[in-house]
There are 2 protein chains.
Amino acid sequence: MRNRPITIRDLALKLDVSISTVSRALRGAPEINPETKTAVLSLAKELNYQPNVVAQSLRNKKTNTIGVVVPEIEMSFFSSVMSGIQEMARSHGYRVLFTQSNECYQEESHNLDTLLQSRVDGILMSISRETSNTEHIQKILRTKTPIVFFDRTPHGVPASKVIVDDRDGAYKAVSYLISTGAKRIAHIGGPRNLEIARNRRKGYIDALSEFNHPVGEHLIVHCEHLKEDAVEATKILLGQEEIPDAIFCINDPVAIKVIQTIKDKGFRIPEDIQVIGFANDPVSEVIEPPLSTISQPSKAMGRAALKLLLDQLTDENDFQPKTQLMETELLLRGSTL
Amino acid sequence: MRNRPITIRDLALKLDVSISTVSRALRGAPEINPETKTAVLSLAKELNYQPNVVAQSLRNKKTNTIGVVVPEIEMSFFSSVMSGIQEMARSHGYRVLFTQSNECYQEESHNLDTLLQSRVDGILMSISRETSNTEHIQKILRTKTPIVFFDRTPHGVPASKVIVDDRDGAYKAVSYLISTGAKRIAHIGGPRNLEIARNRRKGYIDALSEFNHPVGEHLIVHCEHLKEDAVEATKILLGQEEIPDAIFCINDPVAIKVIQTIKDKGFRIPEDIQVIGFANDPVSEVIEPPLSTISQPSKAMGRAALKLLLDQLTDENDFQPKTQLMETELLLRGSTL
DNA sequence: CTGAAAGCGCTTACAG
DNA sequence: CTGAAAGCGCTTACAG
């Protein structure tokens, strides 16, 4: 038997006033008699009254809840973003409905439907590695539910986003490798449909071109399933006649696998092969040698994404999609010269 | 301008039937005329009708939402549990409201209030390192909102829980150290108010006692703030006249710091000092040497906790608190002999 | 300053 | 098989 929660009606009956009055007292409406207000508040406290936010949401057509869709909470980048989102949401009185797509388009689409049915005030999302068509997102846009993307953004969708300059981050990484004298710089890329993967690849190519390094297709391998394909990708690179002397990886989880595979094969890092990742995953500073990487302010990205969403909620009429670019930094550790 | 979502009233008007009929058709009530039903369903689909779950929740006094309180989503153990919870929730039609306490009692208590106000059907929780008094939990119990604890459970609260046998896990770890010939086995413990910390400590002491090893208070150091105190704790142990030849750590994040500190001080692992952790954090297999540890089925623990909660939701009348014990395993890697 | 009434979008007992 | 009505717990325009 569940205890029936206290309602404003209970309070009203006990105090012999109307529910309107109780409601006004609780909400701190200006028209209320101070004494009535005190009486209501003290009774509410005494009975541990908890407003029914479900009822409030229905009445106000606002749930004070935002929905989040991430590919995988177990990826440390996303749990860190999530932490930033939660922190910011809490401080603004918002609740967070959490979903993950498990890198699967179907689940992602289903999650969006769930969030829509839940009448979240807005959505924060990073797309799955499978997502190239954006029908499910167009559906959200049609309902005019504000949505802000972070990190992995869909192509050609008019929505705000929080990203780092992926091309520039990659460019910094590869330029550095060139400065150490690396000649055959390979790239292990990510799923081709992800913009972040295309942009990091572009940064890699831009750096090579600028310094007149040859750009060879055989030096680029794509991991459509990210770290799950990383061992295989590394083996392909190490199996060539001339092995690379540096590898720039799409992200740290992939770079970790790359380092392990290189070591297994008996090559030395960084002497034989240098490695750079992307994201500054906690594992990267622990692995031997510690992984050089491009850091992203993951937690701040979460906070920023929520902030953009809240801004959009405030002035829904004159909404313009904004792109917020966050800073990256080249972190040099033992995996590079 | 937000688009007004389609309601059953819109469908009813278009089809010239009553909202009762539409409601029944959508919910697949048995009394409905098949043709009416088809008409309703096809129009609903055409207009992309999404039921308003806020209204449903208010009417049904059931939100199909469960609330989660974890200390820190960035700890990989918790993000893994969270993933299990989410997966199971989704497959049972439940949504997940996510909160974290940041290891802070105040925030934890506030989170519980928020979940109560949100009228979640049940709560899943792992307490903060600061939590020793359980007033905030008693408040939940009084409302009869089902709550299930996992991993970090409060003392003396009549509620279901999902845990591993921490004492036994610790016992296995320390017995193994003894079997390798270790003589001075130290323990870096966790916050004293956490039962898991007390139980792991007990397993440590039990193993030592059973094999007639001396149990010395100077061999035990507590990290009240977990990994934040770990470097300091290690220095204390290494600063003694006779340094330990093995250290059993409260968890992997702490053990990681311990390994780093030991290496910094110029000792060899495992030759001079062996190290064992607890939890099988992803970092543990990457660090050099790889960390031996006690594995916990974190994702399965999340699923199990949600399962216990759902069971409790089904038969609320004859509820008996259950304790589900999950298996641990000693994983031997390079940090032990 | 306070109350009665309407309504948010549903579900369901009741009557037909 | 279908509809009218009540009600879930709130908020607020309107009247007094």
Side-chain angles (χ1 to χ4, degrees), chain A residues 2-41 43-44 47-65 93 95 116-121 143, chain B residues 2-41 43-44 47-65 93 95 116-121 143:
Chain A
R2 205 64 161 275
N3 279 356
R4 195 179 56 76
I6 309 286
T7 68
I8 54 170
R9 187 156 185 279
D10 298 323
L11 301 180
L13 286 174
K14 285 228 179 181
L15 292 168
D16 202 29
V17 294
S18 75
I19 59 165
S20 322
T21 300
V22 173
S23 172
R24 281 189 272 251
L26 257 13
R27 309 198 50 261
E31 330 93 278
I32 197 98
N33 178 316
E35 286 165 31
T36 322
K37 183 170 168 179
T38 313
V40 171
L41 292 182
L43 183 63
L47 301 182
N48 189 29
Y49 167 77
Q50 303 278 0
N52 185 329
V53 302
V54 176
Q56 289 176 325
S57 298
L58 180 61
R59 163 67 221 223
N60 297 336
K61 291 169 164 299
K62 182 164 189 325
T63 54
N64 275 281
T65 302
R95 284 171 291 276
L116 227 44
Q117 297 184 355
S118 306
R119 297 298 190 269
V120 292
D121 294 337
T143 69
Chain B
R2 205 64 162 273
N3 278 356
R4 195 179 55 76
I6 311 287
T7 67
I8 55 171
R9 187 155 186 279
D10 299 323
L11 302 179
L13 284 174
K14 285 228 178 178
L15 292 169
D16 204 28
V17 294
S18 75
I19 60 165
S20 321
T21 300
V22 172
S23 172
R24 282 190 273 251
L26 291 171
R27 309 198 50 259
E31 334 90 277
I32 198 99
N33 178 319
E35 286 166 32
T36 323
K37 183 171 171 178
T38 314
V40 172
L41 291 182
L43 183 64
L47 300 181
N48 188 31
Y49 167 76
Q50 304 276 0
N52 184 329
V53 303
V54 176
Q56 290 176 324
S57 297
L58 181 60
R59 163 66 221 221
N60 297 334
K61 292 171 164 298
K62 183 165 189 323
T63 53
N64 276 282
T65 302
R95 283 172 292 278
L116 227 44
Q117 296 183 356
S118 305
R119 297 299 189 267
V120 293
D121 295 337
T143 68

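All chains are named by letter (A, B, ...) in the order of the sequence lines, taking the proteins before the strands, and each is independently numbered beginning at 1.
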Between dT12(C), dT11(D), dT2(D), which one does the side chain of Ser23(B) approach most closely?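 Side chain of Ser23(B) sits closest to dT12(C).
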### Message
Let me confirm one number: the CZ-OG1 distance from Arg119(B) to Thr143(B), rounded to the nearest 0.5 Å.
### Response
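Output value for this atom pair is 9.0 Å.
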In Å, rounded to the nearest 0.5 Å, how long is the span from CD1 of Ile8(A) to OG of Ser20(A)?
->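 It is 7.5 Å, given to the nearest 0.5 Å.
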Does a nitrogen or oxygen in the side chain of [X] sit under 4.0 Å from OP1 or OP2 of [N]?
| X | N | result |
| --- | --- | --- |
| Thr36(A) | dT2(C) | yes |
| Tyr49(A) | dC10(D) | yes |
| Arg27(A) | dT11(D) | yes |
| Ser18(A) | dA4(C) | no |

Rounded to whole Å, please give me the gap between [atom1] in [X] and [atom2] in [N].
| X | N | atom1 | atom2 | value |
| --- | --- | --- | --- | --- |
| Leu26(A) | dT12(D) | CG | C1' | 15 Å |
| Arg119(B) | dC8(D) | CZ | P | 14 Å |
| Arg4(B) | dC8(C) | CZ | C1' | 12 Å |
| Ile6(A) | dC8(D) | CD1 | C1' | 16 Å |
| Asn64(A) | dT11(D) | CG | P | 12 Å |
| Leu15(A) | dG3(C) | CG | P | 11 Å |
| Ile19(A) | dT11(D) | CD1 | P | 9 Å |
| Asp16(A) | dT2(C) | CG | C1' | 12 Å |

Answer yes or no: is there a side-chain heavy-atom contact under 4.5 Å between Leu26(A) and Tyr49(A)?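 They are in side-chain contact.
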Measure the shortest side-chain to side-chain distance between Ser118(B) and Arg95(A) over non-hydrogen atoms and say whether it is less than 4.5 angstrom.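 Side-chain contact under 4.5 Å: yes.
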Which part of the nucleic acid does Thr7(B) contact within heavy-atom distance under 4.0 Å: base, sugar-phosphate only, or nothing?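 Sugar-phosphate only.
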Exercise. Sticking with atom P, work out how far dT2(D) lies from dA6(D), rounded to a whole angstrom.
Key: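 My reading of the P atoms in dT2(D) and dA6(D) gives 23 Å.
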Quiz item: When you compare dA13(D) with dG9(D), how far apart are their P atoms, in angstrom units rounded to a whole number?
Solution: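 Looking at atom P only, dA13(D) and dG9(D) are 23 Å apart.
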Do side-chain atoms of [X] reach the backbone of [Y] as a donor and acceptor pair under 3.5 angstrom?
| X | Y | value |
| --- | --- | --- |
| Thr65(B) | Thr63(B) | yes |
| Asp121(B) | Lys62(B) | no |
| Ser23(A) | Ile19(A) | no |

Side chain to side chain donor-acceptor pair (under 3.5 Å) assessment of Ser18(A) paired with Thr21(A): CA-CA 5 Å; Ser18(A) 75; Thr21(A) 300; 3.2 Å; yes
ask   = Do you know which two heavy atoms are closest between Thr7(B) and Arg4(B), and how far apart they sit?
value =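 So the minimum-distance heavy-atom pair works out to CG2-NH1, 4.1 Å.
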key: Stems involving DNA chain D, each a run of at least 3 consecutive Watson-Crick or G-U pairs under 3.5 Å   =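 DNA chain D stems, ordered by first number: C:1-3 with D:14-16, C:5-12 with D:5-12, C:14-16 with D:1-3.
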- [ ] Sequence neighbours left out, what passes side chain to side chain contact (heavy atoms under 4.5 Å, CB included) with Leu47(A)? Give chain and number order.
- [x]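 Listed in chain order: Ile6(A), Leu11(A), Leu43(A).
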**Asked** Of Ile8(A) and Arg24(A), whose closest DNA chain D nucleotide lies nearer the 5' terminus?
**Response**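 Whichever sits nearer the 5' end wins; that is Ile8(A).
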Quick check on contacts: within residues 52-61 of chain A, what sits under 4.0 Å from DNA chain C by heavy-atom distance?
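DNA chain C contact set from residues 52-61 of chain A: Leu58(A), Arg59(A), Lys61(A).
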